[in-house]
Asks: 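This is the structure I want to talk about, given as structure tokens.
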Amino acid sequence: MLNKALNSRLTWLVGLLAFAGTAMADYGLNMTEGVTPFSAEVYELHMIILWICVVIGIGVFGAMFYSMYAHRKSRGVEPAQFSHSTLAEVLWTVVPIAILVVMAIPATRVLIFMEQTTDAEMTVKITGYQWKWKYEYMEDGVEFISSLHPDSNAARQVGSDIDPATVENYLLDVDKPLVLPTNTKVRFLITSDDVIHAWWVPALGWKRDAIPGFINEAWTEINEPGTYRGQCAELCGKDHGFMPIVVVAKSPEEYAAWVAEQQGDAVAETEAAQREWSFDELMDRGSDVYAAQCAACHKPDGTGLPPAFPSLASSAVATGPVDAHIDLVVNGRPGTAMQAFGNLLSDVDVAAALTYTRNAFGNETGDAVQPKQIADAKRG
Amino acid sequence: MSVTATELDHHDDHDHKPSGFLDRWLFSTNHKDIGTLYLVFSLVMFLIGGSMAMIIRAELFQPGLQLVQPDFFNQMTTMHALVMIFGAVMPAFVGLANWMIPMMIGAPDMALPRMNNWSFWLLPFAFAMLLSTLFMDSGAPAAGWTLYPPLSLQGGNSFAFVIFAIHLMGISSIMGAINIIATILNMRAPGMNLLKMPLFVWTWLITAFLLIAVMPVLAGAVTMLLTDKFFATSFFNAAGGGDPVMFQHIFWFFGHPEVYIMILPAFGIVSEIIPTFARKPLFGYVSMVYATASIAFLSFIVWAHHMFTVGMPLGGELYFMYATMLIAVPTGVKVFNWVSTMWRGAMTFETPMLWALAFVILFTIGGFSGLMLAIVPADFQYHDTYFVVAHFHYVLVTGAIFAIIAGVYYWLPKWTGNMYNETWAKIHFWWSVISVNVLFFPQHFLGLAGMPRRIPDYSVQFTEFNQWSSIGGFAFGLAQVFFAIILIHACYYSKKKAAAQSWEGAKGLEWTIPSPAPHHTFSTPPKINKDQLAAGHLD
Ligand SMILES: [Cu+2]
Ligand SMILES: [Cu+2]
């Protein structure tokens, strides 16, 4: 294994080769070592294979440049006429095979380590949606949606006039991060509800595709408390670049406190779904839900991007019978980007968003959709 | 081989070209004219695909969305790839094959001249249809050139046009491949044994078999997409009992050999050029042939290295890692052979040689990153990042396209009878080779630092390298406009005439005929003098 000093010297060398003289210290040049046992191993593998390539490259290109210098016609050399050498040819077949075998051994070991998802202390199910993530803590009964932070979302619109440099963690921040305990083996079950996504946080050392109809497994054990950022890594439609991932690693005690708080919120939310909501309350909450969940496709002003994302302003659905509208939002429209929001949002949020879309953008139906109606629709 | 001479006698043997413009170009059955058509078509597509890359690089010049909507950005990345792969690189190689293979093996024309005409003329229609989707309501395809479902099925009805266009391209490629195999196996001049053929012919023969094997696989994959989208089948729809990952297996069973379809003929071109300017026979001719064949064989059994993150069983991941690493061996043999060819030669550095040398170095860098990508645990980090983008552009731009440009400068004197302007061509080379590295080298760093590919906007810490990359991109793009100017000048305005033997050290039958090559060559098979052949030293 390579020592750290050697690694950092190599990083420096590679940087120098590319941009001699430019100060590169501020920018990421190399793969992160990460914060898990696996990510450190991956980093080591990456550095070994990089070194092997650099050494072979220096040998081959060195021979080539020497030849270009020494064996030039302008120096009056006579060309030799040899055209094969069995010894050389055998050598440069056998030696590379040996190097590959040497490389394959640690790679195999690390891969086997990576695939050991057993003995996890907790399980988080990750579901990809266009364009957000849903996290379910299987043991603790906590679940929520995590999507692009509103500040980044405002700045990233075409013609927003907001300088991304002024937004904290532009495009790498979410409204609600995934919280995990440190020094705990966490198993992930990864799937998708629509198209293929890939869940990737570089500091954890891997990415895994989220595929509809499949459940992939992976694991991590984070050693250091901190905030780790990543992104969806598989093209998943127009807002593929805008579905970040944020993992906040806390000590097991802080994590337990966080879980208790979440469970309290969930109880409050269930109670809220039982009561009657006023029109103004629904409109208020609805405009927030709309901005976070709907505006990416249907646009903040409801005009959408037809034909893929229909306009809601005076649309037949948003101004038509309320039951059909509820059905569409709760169950989605298969084969399109319109998701089944019944599985995705709370009954209150769905009711609020419906109320909002039926009374904004010039749609003046006056309907106040109640959370109970959503619960009824889900029961079928 | 004795049959070929007599069988070819009924080829109509007039010396003059057809006079009318349509007669000459639309109804052409002449391998040289069809070769020209392919090459001109490829140059046009190269510039169109390049303009799309300029839009991509302009949007990525700084964080935030300045120029285009994300969906249009995705259309650009998808179309850029489809146009460059199927419109620029593959037709350029077929064009070179059309021009050079008959002249290299002493044949009067391609074996199936009418089919040759049809193979070419399908392409303008296919690409007109593909490009027309940009102007349709539902837009051009935006799910990436790999067309992964379910995302690709979310597009609108323009998808049907895309699939039909891909079918046409596939038919064109398969017919081209059949023609090349038939020509090479049946029409070699007496004495041109298989192991006397120039390496360009060898690499194309093997490439043609790859094409015939995998283009139907692509056709099958996209046809299943078509029925899933329009006829309610569920091949790839999990909700209907289908399997979205199966598409990826089928696609990459085509896709990996496709990568070699785009690089084996490049190996051939470089193996012609380096011996010429080193004035020394190609080192290890026979091992070059075997290395090419083993790369082609291996290309069929490594496809899932594009899919390490889909969640394969451990055994599958290990197998595909080992098999992929193995490709480094025959590829290494080729690089070592090229360097040994230069060793103790008497080198000069005319433009074709400069491009060939840049190919050897930069393609090898792309090969190194390819080897890194084969290491599965590391691929879990590299996959779908700019590291991959850097990797495949090193093998496709500084690999395939550099070799094509090298080949064009090398054989242009034979095609036109004129020399290009050497000073301009050298400026074109240095300008390109510097800018292409400014364009793609920083992308390695971007990927390692965590920037995913196919995103229209990025976090601010990626700004500097993206700006380098965009500046390099604009400079490289401009250099290729200059290339087009150099070519037009060489074809129509150059005063410097080329000799039959345009390069001092060149060997091969193509240099025994006058420059420009007459409309019909080798109507009677040449007597082969083995000193004229690059592989003539082998006995
Ligand atoms: Cu995604
Ligand atoms: Cu591959």
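Every chain is numbered from 1, with letters handed out A, B, ... down the list of sequences.
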Asks: Give, as side chain, backbone, both or neither, the part of W206(A) having an atom under 4.5 angstrom from any heavy atom of chain B.
Replies: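 Both backbone and side chain.
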
Asks: Take the angle between the ring planes of H71(A) and W343(B) and call it parallel below 30°, perpendicular above 60°, tilted in between.
Replies: perpendicular

Asks: Tell me which of these, R75(A), M31(A), R208(A), M103(A), has more heavy-atom pairs under 4.5 Å with chain B than the rest.
Replies: M31(A)

Asks: Tell me, out of T32(A), L100(A), N169(A), who's got the most heavy-atom pairs with chain B below 4.5 Å.
Replies: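 Looking at each of T32(A), L100(A), N169(A) in turn, L100(A) comes out on top.
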
Asks: At a heavy-atom separation under 4.5 Å, does E115(A) approach chain B through its side chain, its backbone, both, or neither?
Replies: side chain

Asks: Flag the one option from T463(B), V245(B), N437(B) with the top tally of heavy-atom pairs under 4.5 Å to chain A.
Replies: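 Of T463(B), V245(B), N437(B), V245(B) has the most heavy-atom pairs under 4.5 Å with chain A.
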
Asks: Roughly how far, to the nearest 0.5 Å, is CE of M312(B) from CG of N216(A)?
Replies: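 N216(A) CG to M312(B) CE: 10.5 Å, rounded to 0.5 Å.
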
Asks: For D163(A), look at atom CG and say whether over 12 heavy atoms of other residues, nucleotides or ligands are found less than 6.0 Å away.
Replies: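 Result for CG/D163(A): enclosed.
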
Asks: At a heavy-atom separation under 4.5 Å, does F65(A) approach chain B through its side chain, its backbone, both, or neither?
Replies: side chain

Asks: So which of V460(B), N237(B), L151(B) has the largest heavy-atom pair count under 4.5 angstrom toward chain A?
Replies: L151(B)

Asks: Looking at chain A, which one of Y382(B), Y285(B), Y458(B) has the largest number of heavy-atom pairs inside 4.5 Å, strictly under?
Replies: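 Top count of heavy-atom pairs under 4.5 Å with chain A: Y382(B).
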
Asks: Does M451(B) offer a backbone N or O that forms a donor-acceptor pair with the side chain of Q231(A) under 3.5 Å?
Replies: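 Checked: no pair found.
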
Asks: Can you name the nearest heavy-atom pair linking P150(B) to I196(A), along with the distance?
Replies: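 P150(B) and I196(A) have their closest heavy atoms at CD-CG1, 4.0 Å.
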
Asks: Would you give the length of the straight line joining atom CZ of R454(B) to atom SG of C232(A), rounded to the nearest 0.5 angstrom?
Replies: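 Between atom CZ of R454(B) and atom SG of C232(A) there are 11.5 Å.
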
Asks: With a 4.5 angstrom heavy-atom cut-off, which part of S160(A) approaches chain B: side chain, backbone, both or neither?
Replies: neither

Asks: Is there a side chain to side chain contact (heavy atoms under 4.5 Å, CB included) between L448(B) and H46(A)? Walk through the geometry before answering.
Replies: CA-CA 10 Å; L448(B) 293 175; H46(A) 159 70; 3.7 Å; yes

Asks: Tell me, out of K207(A), R72(A), K238(A), H84(A), who's got the most heavy-atom pairs with chain B below 4.5 Å.
Replies: K207(A)

Asks: Below 4.5 Å from any heavy atom of chain B, which atoms of A155(A) appear? Answer side chain, backbone, both or neither.
Replies: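 Neither the backbone nor the side chain of A155(A) comes within 4.5 Å of chain B.
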
Asks: For the CG atom of L371(B) and the CD1 atom of I99(A), what is their distance to the nearest 0.5 Å?
Replies: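 Between L371(B) CG and I99(A) CD1, I get 9.5 Å after rounding to 0.5 Å.
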
Asks: Would you mind checking which part of T146(B) comes under 4.5 Å of any heavy atom in chain A, side chain (CB onward), backbone (N, CA, C, O), both or neither?
Replies: neither

Asks: L45(A) versus chain B, heavy atoms under 4.5 Å apart: side chain, backbone, both or neither?
Replies: side chain

Asks: Please rank I375(B), N74(B), V310(B) by heavy-atom pairs under 4.5 Å with chain A and give me the top one.
Replies: V310(B)

Asks: When only pairs under 4.5 Å are counted, which of A328(B), P275(B), P244(B) shares the most heavy-atom pairs with chain A?
Replies: P244(B)

Asks: Sub-3.5 Å donor-acceptor pair from the side chain of S67(A) to the main-chain atoms of M342(B), do we have one?
Replies: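 A pair under 3.5 Å: yes.
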
Asks: At a 4.5 Å cut-off on heavy atoms, which part of I211(A) comes close to chain B: side chain, backbone, both, or neither?
Replies: side chain

Asks: Parallel, tilted or perpendicular, judged at 30° and 60°: which one describes the rings of W92(A) and F336(B)?
Replies: tilted

Asks: Go through it in stages, so that I can follow the logic: the residues are I455(B) and H240(A), the test is side chain to side chain contact (heavy atoms under 4.5 Å, CB included), and I'd like the CA-CA distance, side-chain angles, deciding distance and then a yes or no.
Replies: CA-CA 7 Å; I455(B) 56 175; H240(A) 163 56; 3.7 Å; yes

Asks: Is there side-chain contact between S83(A) and L282(B), with heavy atoms separated by less than 4.5 Å?
Replies: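 Not touching, per the 4.5 Å side-chain cut-off.
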
Asks: So what's closer than 4.5 Å to chain B heavy atoms on E234(A): side chain, backbone, both or neither?
Replies: both

Asks: Tell me, out of T108(A), I112(A), V110(A), who's got the most heavy-atom pairs with chain B below 4.5 Å.
Replies: T108(A)

Asks: List in chain and number order the residues that pass side-chain hydrogen bond (donor to acceptor under 3.5 Å, both in side chains) with Q62(B), two or more places apart in sequence or in another chain; answer none if no residue qualifies.
Replies: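 If we apply the side-chain hydrogen bond (donor to acceptor under 3.5 Å, both in side chains) test to Q62(B), skipping adjacent residues, there are no hits.
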
Asks: Checking A198(A) against chain B: side chain, backbone, both or neither under 4.5 Å from a heavy atom?
Replies: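 Neither part.
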
Asks: Would you please test D243(B) and F214(A) for side chain to side chain contact (heavy atoms under 4.5 Å, CB included) and show each step?
Replies: CA-CA 9 Å; D243(B) 180 347; F214(A) 284 73; 3.2 Å; yes

Asks: By a 4.5 Å heavy-atom criterion (distance strictly below it), what part of M114(A) contacts chain B: side chain, backbone, both, or neither?
Replies: side chain

Asks: If you tally heavy-atom pairs under 4.5 Å against chain B, which of V101(A), V95(A), V42(A) wins?
Replies: V42(A)

Asks: Under a 4.5 Å heavy-atom cut-off, does chain B meet the side chain of F82(A), its backbone, both or neither?
Replies: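 F82(A) touches chain B through backbone and side-chain heavy atoms alike.
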
Asks: Given that the side chain runs from C-beta out, which part of P456(B) has a heavy atom under 4.5 Å from chain A: side chain, backbone, both or neither?
Replies: side chain

Asks: Given F380(B) and L111(A), is the side chain to side chain contact (heavy atoms under 4.5 Å, CB included) satisfied, shown in steps?
Replies: CA-CA 10 Å; F380(B) 288 157; L111(A) 189 61; 3.8 Å; yes

Asks: Considering only heavy atoms and a distance below 4.5 Å, find which of P164(A), G241(A), P96(A) pairs most often with chain B.
Replies: P164(A)

Asks: Quick one: which of A239(B), G345(B), A238(B) has the most heavy-atom pairs under 4.5 Å with chain A, could you say?
Replies: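 Of the options given, most contacts go to G345(B).
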
Asks: Given a strict heavy-atom distance threshold of 4.5 Å, which part of M321(B) is in contact with chain A: side chain, backbone, both, or neither?
Replies: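 Contact with chain A is through the side chain of M321(B) alone.
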
Asks: For I162(A), which atoms come within 4.5 Å of any heavy atom of chain B: side chain, backbone, both, or neither?
Replies: neither

Asks: For E217(A), which residues count as a salt bridge (charged side-chain N to carboxylate O under 4.0 Å, His left out) partner, sequence neighbours excluded?
Replies: R187(A)

